[in-house]
Amino acid sequence: KALVKICNVIATLGISEVEFSGWLQRECELEKVRIDKNALSLFYKASNGDMERCKNEIDKVINFVGKDGLITESIAKELISKNSLTDIYSLTNAIFECNKSKAYSIYKDLTCYEKDVSILINLITKSMKDSLLVKIMVDGGKEQNEVATFMSVSTNRAYYMMKNVKSISLNTIKLYINRLATLDYKIKTGQVDKAIAFEEFLLNL
């Protein structure tokens with residue numbers, strides 16, 4: 001309110017899907033790559049109209065299909081879904097940290113391209129179970145290479161998994177796994193709406 005008194009306020013509209021699609025097509029044409037209409041729409045929804053975020057994603061897909069390649073909806077969805085795993089790990093950590101604003105923000109980004117909340121809950125639960133195993137190994141004095149071998153991940157990924165669980169107690173990890181299991185049961189038995197229930201779970205961290 002104080003700023004409004006001394007500043008000029010200019011309202012701007014977000015980029016439309018038509019404008020976004022035109023920009024994205026030009027980006028592909030510059031790299032001699034074609035992209036179909038369904039893929040264009042998917043990128044718009046996945047990035048929520050954020051051109052900078054989309055530029056990072058489209059560059060990866062362009063490299064994947066190569067010169068004179070065609071970006072289809074299935075190719076775009078597959079690569080975007082793979083990249084979403086990083087967001088799953090980030091969301092899991094935000095839940096452990098009880099950072100509800102960060103957790104909710106990541107969740108909304110994820111729902112741009114994965115509409116089924118039950119799938120997200122399953123992915124988060126799997127991530128937490130992985131954290132539980134790593135925590136047990138860390139507390140048991142296991143080395144990074146041993147964790148990497150047991151979890152079937154790279155040593156670099158093992159390093160970050162071990163780093164993420166060092167400040168979290170075993171009981172905290174178990175608590176959230178149990179809470180998600182209860183939530184999943186209520187969803188599957190029709191007791192709650194899955195989207196609303198999961199949002200309440202995040203907002204009550």
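- Listed here is the closest heavy atom pair of Ala39 and Ile71: CB-O, 3.7 Å.
- Judged as a side chain to side chain contact (heavy atoms under 4.5 Å, CB included), and not counting sequence neighbours, the contacts of Ser101 are Asn99.
- For residues 22-43, the pairs satisfying salt bridge (charged side-chain N to carboxylate O under 4.0 Å, His left out) are Glu27-Lys55, with sequence neighbours left out.
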Kindly determine whether Leu24 and Tyr44 satisfy side-chain contact (heavy atoms from CB on, under 4.5 Å), including the steps that lead there.
CA-CA 9 Å; Leu24 188 53; Tyr44 178 74; over 6 Å; no

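- Taking all atoms of both residues into account, the shortest heavy-atom contact from Leu205 to Ala94 is CD1-O, 4.4 Å.
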Hey, mind stepping through Ser41 and Phe20 against side-chain contact (heavy atoms from CB on, under 4.5 Å) and telling me if it holds?
CA-CA 9 Å; Ser41 180; Phe20 182 92; over 6 Å; no

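- Checked by atom type and distance alone, the side chain of Thr189 pairs as donor or acceptor with a backbone atom of Lys186 at under 3.5 Å.
- A single hydrophobic cluster is not seen to contain both Tyr160 and Ile136; linkage of ILVMFWY side chains at heavy-atom distances under 4.5 Å, directly or through other members, places them apart.
- With rounding to the nearest 0.5 Å, the separation of CD1 in Ile187 from NZ in Lys194 is 7.5 Å.
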Stepwise side-chain contact (heavy atoms from CB on, under 4.5 Å) check, Ile35 with Leu70
CA-CA 6 Å; Ile35 182 169; Leu70 171 64; 5.7 Å; no

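- Taken together through direct or relayed side-chain contacts under 4.5 Å among Ile, Leu, Val, Met, Phe, Trp and Tyr, Ile95 and Leu170 form part of one hydrophobic cluster.
- Linking ILVMFWY side-chain heavy atoms closer than 4.5 Å, directly or via other members, places Met51 and Val61 in a single hydrophobic cluster.
- Within 6.0 Å of the NZ atom in Lys100, the count of heavy atoms belonging to other residues, nucleotides or ligands exceeds 12.
- Legend: side chain to side chain donor-acceptor pair (under 3.5 Å) pairs involving residues 125-135, not counting sequence neighbours, sorted by first then second residue: Thr92-Ser127, Lys126-Asp130.
- Shortest non-hydrogen contact noted between Ala103 and Leu91 is O-CD1, 3.2 Å.
- Residues forming a side chain to side chain contact (heavy atoms under 4.5 Å, CB included) with Asn145 (at least two apart in sequence, or on another chain): Glu143.
- Applying the ring pair (Phe, Tyr, Trp, His ring centres under 6.0 Å) rule to pairs touching residues 179-205 yields Tyr107-Phe198, Phe198-Phe201, sequence neighbours excluded.
- Remark: Glu199 pairs with Lys108 by the salt bridge (Lys or Arg N to Asp or Glu O under 4.0 Å) rule, at least two apart or across chains.
- When hydrophobic residues (I, L, V, M, F, W, Y) are linked wherever their side-chain heavy atoms come within less than 4.5 Å, Ile6 remains an isolated member.
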side-chain contact (heavy atoms from CB on, under 4.5 Å) assessment of Ile88 paired with Leu120:
CA-CA 8 Å; Ile88 291 292; Leu120 290 179; 4.1 Å; yes

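- Listed by chain and number, the hydrophobic cluster partners of Val134 are Leu133, Met137, Val138, Val147, Phe150, Met151, Val153, Met161, Met162, Val165, where partners are ILVMFWY side chains within reach of under 4.5 Å, directly or through others.
- Taking the side chain to side chain contact (heavy atoms under 4.5 Å, CB included) definition, one finds that Ser74 meets it with Thr72, sequence neighbours left out.
- For the residue pair Thr149 / Glu146, no side-chain donor-acceptor distance below 3.5 Å is found, with atom types taken as modelled.
- The CD atom of Glu97 sits 7.0 Å away from the CD1 atom of Ile168 when rounded to the nearest 0.5 Å.
- Of all heavy-atom pairs between Ile196 and Asp193, the closest is N-OD2, 3.0 Å.
- For Ser152, the side chain to side chain contact (heavy atoms under 4.5 Å, CB included) criterion is met by no residue, not counting sequence neighbours.
- In this structure, the side chain of Gln25 does not engage the main chain of Gly22 through any donor-acceptor pair within 3.5 Å.
- Every salt bridge (Lys or Arg N to Asp or Glu O under 4.0 Å) that Lys188 has, sequence neighbours left out, goes to Asp184.
- Residue pairs meeting the salt bridge (charged side-chain N to carboxylate O under 4.0 Å, His left out) criterion with at least one member in residues 162-181: none, sequence neighbours excluded.
- When hydrophobic clusters are built by joining Ile, Leu, Val, Met, Phe, Trp and Tyr residues whose side-chain heavy atoms come closer than 4.5 Å, directly or via intermediates, Ile119 is grouped together with Ile177.
- Considering Ile58, Val65, Asn63 as possible partners of Val33, the one that fulfils the side-chain contact (heavy atoms from CB on, under 4.5 Å) test is Val65.
- Two residues are said to be in side-chain contact when any heavy atoms from C-beta on lie closer than 4.5 Å; Trp23 and Cys54 meet this criterion.
- Minimum interatomic distance between Tyr104 and Leu202 (heavy atoms only, all atoms of both residues): CA-CD1, 4.3 Å.
- Across every non-hydrogen atom of Gln144 and Ala158, the tightest pair is O-CB, 3.8 Å.
- Under a hydrophobic clustering in which Ile, Leu, Val, Met, Phe, Trp and Tyr are joined whenever their side-chain heavy atoms come within less than 4.5 Å, directly or via other members, Phe43 and Phe64 fall into the same cluster.
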